[in-house]
Protein chains: 2
Amino acid sequence: MPPPARTPIGLVLARTARTVSRAFDEALGAAGGSLPVWLILLSLQTRQPGNQRELAHAVGIRGATLTHHLNAMEAGGLVTRRRDPANRRVHHVQLTPAGEALFGQLAGAAMTFDQRLRAGLDDGDIDILERLLDRLHANVTDE
Amino acid sequence: MPPPARTPIGLVLARTARTVSRAFDEALGAAGGSLPVWLILLSLQTRQPGNQRELAHAVGIRGATLTHHLNAMEAGGLVTRRRDPANRRVHHVQLTPAGEALFGQLAGAAMTFDQRLRAGLDDGDIDILERLLDRLHANVTDE
DNA sequence: TATTGTTATACTCTATAACTATA
DNA sequence: TATAGTTATAGAGTATAACAATA
């Protein structure tokens, strides 16, 4: 007898994530941003990445990919890059006032989106979901 | 007093999904496929999409994007397209033996991956996770 | 006219490899 | 030599718009 043949949980996760990601992208887009820009701004504000390598790691992308985004963000007047006088190889990335303003707007959009996402779920549900997602993450990361 | 400021669940989902998706992509790549190819093969085998519009919808992509993938898959000898004699606008997509073989290999890779993903989770956990993910999906899709 | 699908084109995100500049 | 970051290039996946074929 073959196993019960239920939908693989990875597929359910992939479908949900795609739908949710698209909706989130849309919400961020309507607020003037995008997912990578939001993650970069968020990392810059919440952590204090000492260099771009750390920043790239926090966002989950490669250094060259980060440079790509930072170039666009600098051209858009959102960030500035200045060399560290103590170690001139290091570039410190800083938000401009326009960058901070966009951060605020995207944070608002993200919070609104999150409320929509939580509809019908109480704190206990969210805790459980978070725990289960962490477990999936660990199952794929470890080993 | 500001709200408890917990990590937005959408962010947790996005991070988990990215990590899991990359690992899944890798597993499918090692088996000779990719996520969109797997989704297309799976839809062809499990549903019986009457036309490409239905197939594209099942996979969650646009018609032109599906054409893009089908062109590559046809060039790779995985599928054939033939016109429906009753309605010559409609193209029926069919798996070749090579397509069926790849389907089998990817199915194996997907099952193996799913077992890895489920480590430490019992059926009850999976049920709960699935229910919660469905809820997120609905929260973003509806309205 | 409406529907099915394709072609042409382009955008976003990502990556690797080779390079520059500092140390 | 090693490290921080950039540039050049490319590839995967997606999309829209214009088109061809068929109904």
Side-chain angles (χ1 to χ4, degrees), chain A residues 14-15 17-19 21-26 28-30 32-41 43-44 49-76 79-94, chain B residues 14-15 17-19 21-30 32-41 44 49-76 79-94:
Chain A
R15 282 179 180 149
R18 187 181 51 197
T19 308
S21 286
R22 282 186 187 175
F24 190 37
D25 267 347
E26 233 171 89
L28 290 175
S34 70
L35 185 57
V37 166
W38 166 237
L39 292 177
I40 290 168
L41 292 175
S43 291
L44 284 173
N51 59 38
Q52 290 187 196
R53 230 171 46 86
E54 282 177 33
L55 178 56
H57 184 259
V59 174
I61 57 178
R62 298 290 173 155
T65 305
L66 177 63
T67 295
H68 171 76
H69 290 299
L70 288 180
N71 286 346
M73 290 171 74
E74 194 171 36
V79 299
T80 55
R81 281 181 279 197
R82 58 178 178 70
R83 285 176 181 274
D84 182 342
N87 180 349
R88 289 180 43 74
R89 289 176 302 191
V90 172
H91 291 202
H92 286 296
V93 182
Q94 252 184 332
Chain B
R15 281 177 181 151
R18 187 182 51 197
T19 308
S21 286
R22 282 185 187 176
F24 190 37
D25 268 346
E26 235 171 87
L28 290 175
S34 70
L35 185 57
V37 166
W38 166 237
L39 292 177
I40 289 168
L41 292 176
L44 283 173
N51 58 38
Q52 291 188 196
R53 230 171 47 84
E54 281 177 35
L55 178 56
H57 183 259
V59 175
I61 56 179
R62 297 292 173 154
T65 304
L66 177 62
T67 295
H68 172 75
H69 291 299
L70 287 181
N71 286 345
M73 291 171 75
E74 195 170 35
V79 298
T80 54
R81 280 180 280 197
R82 59 177 178 67
R83 286 176 182 275
D84 182 342
N87 180 348
R88 290 180 42 75
R89 289 176 302 191
V90 172
H91 291 202
H92 286 296
V93 182
Q94 250 182 334

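Heavy atoms only: backbone and side chains are in, while hydrogens, waters and symmetry mates are out.
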Using a cut-off of less than 4.0 Å, is there contact between a side-chain N or O of B:Ser34 and OP1 or OP2 of D:dG13? yes

Just compare D:dT22, C:dT7, D:dA8 and give me whichever is closest to any side-chain atom of A:Ala64. D:dA8

Quickly work out the B:Asn71 CG to D:dT14 P distance and round it to whole Å. 14 Å

Among D:dA4, C:dG5, C:dT14, the one nearest B:Thr67 by side-chain distance: C:dG5

How many whole angstroms separate atom CD1 of B:Ile61 from atom P of C:dC11? 21 Å

Please give, in whole Å, the distance from C:dA15 P to A:His57 NE2? 12 Å

Atom CZ of A:Arg22 and atom C1' of D:dT14: how far apart are they, to the nearest Å? 8 Å

Do any side-chain nitrogens or oxygens of B:Gln52 fall under 4.0 Å of OP1 or OP2 in C:dT3? no

Before you tell me yes or no, could you show the steps for A:Leu70 and A:Ile40 under side chain to side chain contact (heavy atoms under 4.5 Å, CB included), namely the whole-Å CA-CA distance, both residues' side-chain angles and the distance that decides it to 0.1 Å? CA-CA 9 Å; A:Leu70 288 180; A:Ile40 290 168; 4.3 Å; yes

Mapping A:Gly60 and A:Pro85 onto DNA chain C by nearest heavy atom, which one lands closer to the 5' end? A:Gly60

Can you tell me the distance, in whole Å, between the CZ atom of B:Arg18 and the P atom of C:dA15? 9 Å

I need the CG-P distance between A:Asn51 and D:dT3, as an integer number of Å. 12 Å

What side-chain donor-acceptor pairs closer than 3.5 Å can you find for residues 58-69 of chain A, not counting sequence neighbours?
residue, atom, partner, partner atom, Å
A:Thr67, OG1, A:Gly63, O, 3.2

As a test of reading the structure: which of C:dA8, C:dA15, D:dG13 is closest to the side chain of A:Thr65, going by heavy atoms? C:dA15

Euclidean distance, atom CZ of residue A:Arg81 to atom C1' of C:dA21 [Å, nearest integer]: 15 Å

Which value, rounded to the nearest 0.5 Å, describes the distance between B:Leu44 atom CG and B:Gln94 atom CD? 9.5 Å

Is any N or O donor-acceptor pair between the side chain of A:Arg89 and the base of D:dT3 shorter than 3.5 Å? yes

Does atom CD (B:Glu54) have a neighbourhood of more than 12 heavy atoms from anything else shown, all under 6.0 Å? yes

Measure the distance from CZ on B:Arg62 to P on C:dC11 and round it to the nearest whole Å. 18 Å

Name the nucleic acid region contacted by B:Arg83, choosing base, sugar-phosphate or nothing; use a 4.0 angstrom heavy-atom cut-off, strictly under. sugar-phosphate

On DNA chain C, compare the nucleotides closest to A:Asp25 and B:Arg53; which residue's is nearer the 5' end? B:Arg53

Nearest-nucleotide comparison on DNA chain D, the residue closer to the 5′ end among A:His68 and B:Asp84: A:His68

In terms of side-chain heavy atoms of B:Pro36, which of D:dT7, C:dA23, D:dT14 is nearest? D:dT14

Once rounded to the nearest 0.5 Å, what's the spacing between atom CZ of A:Arg89 and atom CG of A:Asn51? 10.5 Å

